[in-house]
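Report on the following structure.
The model shown is predicted, which means the values in this text are computed figures rather than measured ones. All heavy atoms count here, side chains included; hydrogens, waters and symmetry mates do not.
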Amino acid sequence: QINQEKLKNQDEHLAILSEGINELQNVNSVINVSITQQNALLDTISHDADLFRHDMKVLVRKADRMTTGMSWSRSVKKPFYQYSISIKHIPTGKYLTTHTTTNS
């Protein structure tokens, strides 16, 4: 009888352990599915970030071209030059002067 009680007691413990192991297997399966889904999402985010980074580089290049091109575009007025020259005739002490002019 003592052996039968020990066996019955062991069977009860084994049944409890078996339930715990089954529950752990179920939790493991759920965690595995969740990790797989999260990895897929991370891959998508990484791909989208790469595309965004590429698009930003293209936009920066276009903006640089636009700003560089603006300074040399035809819509900008050509520079004009102003000058004034004075030449002194030493024997007479008189000056020859030209007035400020602009190039149009």
Side-chain angles (χ1 to χ4, degrees):
Q1 268 187 344
I2 296 175
N3 286 337
Q4 287 180 351
E5 285 183 31
K6 284 183 181 181
L7 289 174
K8 185 178 179 184
N9 197 9
Q10 285 178 350
D11 285 342
E12 289 173 1
H13 287 299
L14 288 174
I16 292 170
L17 286 174
S18 178
E19 288 175 15
I21 290 172
N22 287 336
E23 186 175 341
L24 286 175
Q25 286 176 336
N26 290 337
V27 169
N28 182 38
S29 296
V30 171
I31 290 172
N32 189 28
V33 169
S34 178
I35 288 174
T36 302
Q37 290 172 345
Q38 289 177 10
N39 280 337
L41 288 173
L42 287 173
D43 289 342
T44 301
I45 290 170
S46 177
H47 178 72
D48 291 347
D50 289 342
L51 291 177
F52 179 75
R53 193 175 306 112
H54 177 265
D55 290 347
M56 287 303 296
K57 285 181 182 179
V58 170
L59 284 174
V60 167
R61 276 192 226 122
K62 284 182 180 180
D64 286 345
R65 286 185 201 144
M66 288 176 63
T67 56
T68 302
M70 294 285 285
S71 63
W72 296 101
S73 70
R74 295 177 190 246
S75 64
V76 175
K77 292 182 181 178
K78 291 183 178 181
F80 62 93
Y81 301 94
Q82 296 179 344
Y83 58 91
S84 177
I85 300 174
S86 296
I87 300 174
K88 182 177 181 181
H89 186 256
I90 294 178
T92 61
K94 293 186 179 183
Y95 289 92
L96 173 65
T97 306
T98 59
H99 299 286
T100 305
T101 61
T102 59
N103 287 344
S104 300

Gap separating the CG atom of Asn32 from the CD atom of Gln37, nearest 0.5 angstrom: 10.0 Å
Taking atom CG of Leu41 and atom OG of Ser46, what is their separation to the nearest 0.5 Å? 12.5 Å
Of all residues at least two apart in sequence or in a different chain, which pass the salt bridge (charged side-chain N to carboxylate O under 4.0 Å, His left out) check with Asp43? none
Atom CG in Asn28, atom CD1 in Ile21: separation rounded to 0.5 Å? 12.5 Å
Separation between CG of Asn9 and NZ of Lys6, rounded to the nearest 0.5 Å: 10.0 Å
Tracing side-chain contacts under 4.5 Å among Ile, Leu, Val, Met, Phe, Trp and Tyr outward from Phe52 reaches Met56, Leu59
Does Gln4 CD have over 12 foreign heavy atoms under 6.0 Å away? no
Does some side-chain heavy atom of Asn22 sit less than 4.5 Å from a side-chain heavy atom of Gln25? yes
With no hydrogens and no angle check, is any side-chain donor or acceptor of Ser18 less than 3.5 Å from a backbone partner on Leu14? no
Going by side-chain heavy atoms closer than 4.5 Å, which hydrophobic residues are tied to Val27, directly or by a chain of links? Ile31, Ile35
Any chance you could pull the hydrophobic cluster mates of Leu51, using side-chain heavy atoms under 4.5 angstrom and chaining through other members? none
Under 4.5 Å side-chain heavy-atom separation, chaining through any Ile, Leu, Val, Met, Phe, Trp or Tyr, what else clusters with Ile16? Say none if it is isolated. none
Mind checking what makes salt bridge (charged side-chain N to carboxylate O under 4.0 Å, His left out) contact with Arg53, not counting sequence neighbours? Asp50
Quick check for you: to the nearest 0.5 Å, what is the distance between Ile2 atom CD1 and Leu7 atom CG? 12.0 Å
